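Read the structure below first, then the notes.
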Amino acid sequence: MTETFFGEVDLASVTLWLFYIFFAALVIWIQRENMREGYPLEDDEGNKSSNPSMWPLPKDKTFKLPHGRGEVTVPSGQAPERADIPMKRVGPGNGYPLEPTGDPMLDGVGPASWAPRRDVPELDGHGHPKIVPMSAAEGFSVAAGRDPRGLPVVAGDGEIVGKIIDMWIDEPEQLVRYLELELDAKWGSGNRLLPMTFARIRSDRVSVHALYGKHFATVPSIASPRQVTLLEEDKISGYYGGGKLYAGTRAEPKI
């Protein structure tokens, strides 16, 4: 009698072991693909971590960006992180808090931090800048709520720092992202963008509690009057966000 291979093999056990091997390989592959951003690991001060991942970095992968914006290669082709950030640890070991060593709002650290994003505007599906001033966009008007244009801008200390002259809209999303304010000569020169989330539109004013009047002169400006880049957006939002902690406008807890 000739014995068959399958007659001596437990097919259920073989199938189960093949599934185990496949699943383990899948988990390892997913983990390596997840390491295209944020690796190799660093400690709090930007030095190479003493506890790297147990898996090696994945091979470089090149992505072609839409609208003729070139290519990006990851992980080795990632844009460099910010270097020489003016902060120091308050203790000797990892995990201790970091504290600013200069002006945290101007240095962009802590809640005022920003990432080195590409200095190009975000585009819509047709390759046009998504966020533009309403004065340069056709077919848009204020259909609901209060139109803030012409209203004075009041800082957290009650000072009037300028007035709203325009609204910057996200055309695909059809909503207002920024208000554009013209500074009074006392508080600086030129125009600045104010994130809509930091503005409170009243009947007679636009209130900004995140900053005092003296801080508006150093709000990051934009290079073009018709578009805002990803890097500029990050710096502007970081500045106003940092004001919630560093500008002195935050109310102390009351017992």
Side-chain angles (χ1 to χ4, degrees), residues 63-72 79 108 112 114-156 159-211 213 215-244:
F63 298 88
K64 294 183 178 180
L65 302 178
H67 310 301
R69 288 195 164 178
E71 299 177 343
V72 60
W114 49 269
R117 305 175 73 188
R118 303 186 73 188
D119 199 17
V120 294
E122 184 179 3
L123 303 181
D124 60 17
H126 302 287
H128 304 135
K130 286 186 62 180
I131 302 176
V132 294
M134 184 179 287
S135 59
E138 297 181 358
F140 283 88
S141 61
V142 179
R146 187 174 290 111
D147 189 338
R149 287 173 290 187
L151 293 179
V153 178
V154 181
E159 296 286 351
I160 298 177
V161 297
K163 66 178 180 179
I164 301 298
I165 61 172
D166 207 350
M167 295 184 288
W168 285 56
I169 58 174
D170 187 328
E171 285 193 278
E173 302 293 337
Q174 299 187 13
L175 53 82
V176 178
R177 294 288 187 189
Y178 299 94
L179 300 178
E180 183 176 0
L181 67 99
E182 180 182 31
L183 289 177
D184 290 343
K186 177 182 177 181
W187 306 105
S189 61
N191 301 343
R192 299 294 190 274
L193 292 186
L194 164 63
M196 192 65 183
T197 50
F198 286 92
R200 295 294 179 267
I201 301 175
R202 313 295 184 185
S203 59
D204 58 346
R205 67 190 185 279
V206 175
S207 301
V208 184
H209 296 296
L211 303 178
H215 299 118
F216 279 86
T218 49
V219 171
S221 58
I222 58 177
S224 170
R226 287 293 179 264
Q227 64 184 30
V228 58
T229 69
L230 296 168
L231 179 61
E232 290 168 345
E233 285 195 74
D234 229 39
K235 288 184 176 182
I236 292 170
S237 298
Y239 189 90
Y240 283 92
K244 284 289 189 178

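Remember, it's a predicted structure, so these values are computed and weren't measured experimentally.
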Interatomic spacing from CD in Glu122 to CZ in Arg117 - rounded to 0.5 Å: 7.0 Å

Residue pair Ser203 / Arg146, side-chain heavy-atom distance below 4.5 Å: yes

Separation of Ile222 CD1 from Lys235 NZ (nearest 0.5 Å): 13.5 Å

Spacing of OH belonging to Tyr178 relative to CD1 belonging to Ile164, to within rounding of 0.5 Å: 14.0 Å

Approximate separation, where rounding is to 0.5 Å, of Glu171 CD and Met134 CE: 10.0 Å

Side-chain donor/acceptor of Arg226 to backbone N/O of Val132, under 3.5 Å: no

Min side-chain heavy-atom separation Ile131-Glu233 under 4.5 Å: yes

Worked verdict on Met196 versus Arg177 for side-chain contact (heavy atoms from CB on, under 4.5 Å): CA-CA 5 Å; Met196 192 65 183; Arg177 294 288 187 189; 5.9 Å; no

Positive for side chain to side chain contact (heavy atoms under 4.5 Å, CB included) with Leu179, one of Val153, Val206, Val208: Val206

Gap between atom CZ of Arg118 and atom CG of Leu231 - 0.5 Å precision: 12.0 Å

Minimum heavy-atom distance between Ala155 and Leu211, given as atom pair plus value: CB-O, 3.5 Å

Sidechain-backbone polar pair: Trp187 side chain, Ile160 backbone, donor-acceptor under 3.5 Å: yes

Flag if over 12 foreign heavy atoms under 6.0 Å of NZ, Lys130: yes

Pro133 versus Asp166, closest heavy-atom pair with distance: CB-OD2, 3.3 Å

Pro148 versus Met167, closest heavy-atom pair with distance: CD-SD, 3.6 Å

Side-chain (Arg192) to main-chain (Val219) donor-acceptor, under 3.5 angstrom: yes

Value rounded to 0.5 Å, distance of CG in Asp170 from CG in Leu175: 5.5 Å

pair Ile236-Trp114: side-chain heavy atoms closer than 4.5 Å: no

Side chain Glu180, main chain Asn191, donor-acceptor under 3.5 Å: no

Side-chain H-bond candidate by donor/acceptor type, Tyr239 with Thr218, under 3.5 Å: yes

Asp184/Lys186 ion pair, N-O < 4.0 Å: no

Shortest non-hydrogen separation from Asp147 to Arg149 and the atoms involved: OD2-NH2, 2.7 Å

Verdict with supporting geometry, Arg69 and Leu123, side-chain contact (heavy atoms from CB on, under 4.5 Å): CA-CA 11 Å; Arg69 288 195 164 178; Leu123 303 181; 3.2 Å; yes

Test log, rule side-chain contact (heavy atoms from CB on, under 4.5 Å), inputs Arg202 and Val154: CA-CA 10 Å; Arg202 313 295 184 185; Val154 181; over 6 Å; no

